[in-house]
Amino acid sequence: MTQPASESSTEGFLYLERETDRELQEPDLARIEINPTIPLSTSAHELPGTVEHLTARQTFHALNIHTPEMKQHLSALRTEVTRILTNLRWENQSVEETVQHLLPFLNIGPIQQWKDVLIPFLYEIDRGGTLIPIWLQIIEQGDPSALSIDANPGETEQGRARRYAILMLGNYRTMGIADKTGSQAHFISRRDDDRLFSTDLAQYLGALATDPHVSLYATQALIKHTTAASMQALVGALPEAHGWAKVDVVEGCLEFQQERFHDLLLARGLEHVSGLESYVALPIYKQVPLERYLGDRKADPRLKANAALIFQSVLQDSARIPLNTATDTPESLPVIFSRNFPTLAQALLDSAMAEPTWQNTVALHQLGLFMGQYWSAINKGYIKDPRIITPVYQVLPLMNEIERWMNGPGRASLQQALANPNEEQHIYALRDILTQLESV
């Protein structure tokens, strides 16, 4: 017989037992707790999906599928899932009954630790797509209701199953169940009020990608498809996504490594992400050549402005030097140095001199603060890494020119922006920078 883990056992783990077998021992799945690399504002902590996204950014011990305990565990799981699939396909078991039988066996977690083992394992059992209606039914059940704001729905039985179901849909990019018209390619079908409907799989996942509670998994499923339809669905979700969903969609679009997406990501990536700007700026900075936009006088002003803001955000995130207390040296290379830092700094200055916008001004202000901190650390001997010292030395000659510009056109651009009612959301940051300039 089979039974799910009791409430007194460790939450999120599956145990199988037979009358003649002793209980399987779950392998050690201890979690390594780490803090987010980018601090969140107070308002960002209240955004939908925050707890789950921060949990997903933790590090977990990798599963060893070659241990005897894990092999026995997966073997027993294969037997039970195969039995459930057989009953659905050949014994006229209803979708609802199948869902109820399958849910306990999907209560395996944490998801970020198990997904790379469980999803291929389940797909190997169901390459024919028999379980597609089951995955859809589980997804449409939604997450448990009445959860507290600090609860993670991905750690409940229903929520965990829903997220695995979304990830499973990433396997069926050309698989489907024929609808009443016989159409099959790229379509899936489901039963709802005894009627059969067809749904385009990429569009279905694209809609889920705008939901910050499950966007992390829907975008991964679309990336796994790697089809024109999945790219279109992900790009189409970009204007509609808010908060953490926007973060996931931007990262998903970048995964396709399509240069033609760069303009759109720069134009729309920073919209509706208040408090999460750094989570969008970092991946864009790593892949999009911002110097092309900053250095191009014919570039769209909006793209140039957003390129400056992204550069400013990454400068701010890299300003804190993470010293190793044992050696007084940086623990890792700050993200800002992952691109050609001197080229970007020169392009920003050239852009500001050609067009003194407040976005260029705040980016140059942040560049000055950044250079001051790193130059001080280098002089004190805290930094010895030539990958940091060399680009910092190359940017130093620009600082006198930047200082003169900030006290002239830069100051004027801030005063003009403060008088513009359209910049109300930035007024406090701009006023703070202007105050600092006037106090020098």
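A distance-only check finds a donor-acceptor pair linking the side chain of N407 to the backbone of E403 [under 3.5 Å]. Under a 3.5 Å cut-off, the side chain of Q220 and the backbone N or O of A218 do not form any donor-acceptor pair. Between the side chain of D248 and the backbone N or O of T219, no donor-acceptor pair lies under 3.5 Å. Using a distance-only test at 3.5 Å, with no hydrogens or angles considered, no donor-acceptor pair links the side chain of N379 to the main chain of S376. Checked by atom type and distance alone, the side chain of H225 pairs as donor or acceptor with a backbone atom of L169 at under 3.5 Å. Judged by distance alone, with hydrogens and angles left aside, the side-chain atoms of S313 form no donor-acceptor pair with the main-chain N or O of L309 at under 3.5 Å. No donor-acceptor distance shorter than 3.5 angstrom exists from the side chain of R411 to the backbone of M406, with no hydrogens or angles considered.
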Scan the side chains in residues 282-292 for donor-acceptor partners under 3.5 Å anywhere in the protein, sequence neighbours excluded, and list what turns up.
| unit_1 | atom_1 | unit_2 | atom_2 | d |
| --- | --- | --- | --- | --- |
| Y285 | OH | I336 | O | 2.6 |
| R292 | NH1 | E259 | OE2 | 2.8 |

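Taking the six-membered ring for Trp and the full ring otherwise, the centers of Y279 and W244 sit less than 6.0 Å from each other. Between F341 and F370, the gap from one ring centroid to the other is short of 6.0 Å.
Within a 6.0 Å radius of CD in Q373, more than 12 heavy atoms belonging to other residues, nucleotides or ligands are found. At most 12 heavy atoms of other shown residues, nucleotides or ligands fall within 6.0 angstrom of atom CD in Q416.
The line from OG1 of T98 to CD of Q100 is 10.0 Å long, rounded to the nearest 0.5 Å. The structure places CD of E124 at 13.5 Å from CD1 of I119, a figure rounded to the nearest 0.5 Å. Rounded to the nearest 0.5 Å, atoms CD1 (I111) and CG (D116) are 12.0 Å apart. Interatomic distance, CD1 of I65 versus CG of L118, reported as 12.0 Å (0.5 Å rounding). Note that CZ of R302 and CG of L266 are 10.0 Å apart. Values are rounded to the nearest 0.5 Å. The structure places CD1 of I378 at 7.5 Å from CE of M371, a figure rounded to the nearest 0.5 Å.
Sorted by first then second residue, the side-chain hydrogen bond (donor to acceptor under 3.5 Å, both in side chains) pairs that include residues 346-355, not counting sequence neighbours, are Q346-D350, S351-N360.
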Stepwise side-chain contact (heavy atoms from CB on, under 4.5 Å) check, Y217 with R162: CA-CA 10 Å; Y217 311 97; R162 187 179 185 219; over 6 Å; no
Worked verdict on S318 versus F337 for side-chain contact (heavy atoms from CB on, under 4.5 Å): CA-CA 9 Å; S318 302; F337 299 108; over 6 Å; no
side-chain hydrogen bond (donor to acceptor under 3.5 Å, both in side chains) evaluation trace for Y293 with D300: CA-CA 8 Å; Y293 297 91; D300 185 286; over 6 Å; no
Step-by-step side-chain contact (heavy atoms from CB on, under 4.5 Å) determination, Q359 to Q312: CA-CA 9 Å; Q359 292 90 345; Q312 179 267 337; over 6 Å; no
Chi angles and distances behind the side-chain contact (heavy atoms from CB on, under 4.5 Å) call for T50, L276: CA-CA 10 Å; T50 293; L276 300 175; 5.8 Å; no
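Scanning for ring-ring contact (aromatic ring centres under 6.0 Å, His included) contacts around W375 gives Y393, with sequence neighbours left out. For R163, the salt bridge (charged side-chain N to carboxylate O under 4.0 Å, His left out) criterion is met by E52, D143, not counting sequence neighbours. N306 is linked by a side-chain hydrogen bond (donor to acceptor under 3.5 Å, both in side chains) to nothing, counting only residues two or more places apart in sequence or in another chain. In this structure, the side-chain hydrogen bond (donor to acceptor under 3.5 Å, both in side chains) partners of R260, at least two apart in sequence or on a different chain, are Q258.
Side-chain contact between L122 and W135 is present, with at least one heavy-atom pair separated by less than 4.5 Å. Under the 4.5 Å side-chain criterion, counting only non-hydrogen atoms from C-beta, R160 is in contact with E155. Using a 4.5 Å heavy-atom cutoff, the side chains of N340 and L344 are not in contact. Looking at L364 and L367, their side chains come closer than 4.5 Å, going by heavy atoms from C-beta outward. Side chains of L349 and M353 form a contact here, defined as non-hydrogen atoms less than 4.5 Å apart. With a 4.5 Å cut-off on side-chain heavy atoms, K246 and E271 count as touching. Looking at V235 and F256, their side chains never come closer than 4.5 Å, going by heavy atoms from C-beta outward. The closest side-chain heavy-atom distance from V247 to L216 is not below 4.5 Å.
The nearest pair of heavy atoms linking A241 to V249 is CB-CG2, 4.1 Å. Between A281 and I310 the shortest heavy-atom distance is O-CG2, 3.6 Å. Between S338 and V335 the shortest heavy-atom distance is OG-O, 2.6 Å. The minimum heavy-atom distance between T361 and G410, with the atom names listed, is CG2-O, 3.5 Å. The nearest pair of heavy atoms linking Q394 to P342 is OE1-CG, 2.9 Å. The two atoms that bring I166 and A221 nearest to each other are O-CB, 3.6 Å, heavy atoms only.
Salt bridge annotation for D385-R387: present, with a cationic side-chain nitrogen under 4.0 angstrom from a carboxylate oxygen.
Note: H73 and W114 have tilted aromatic rings, judged against thresholds of 30 and 60 degrees for the angle between ring planes.
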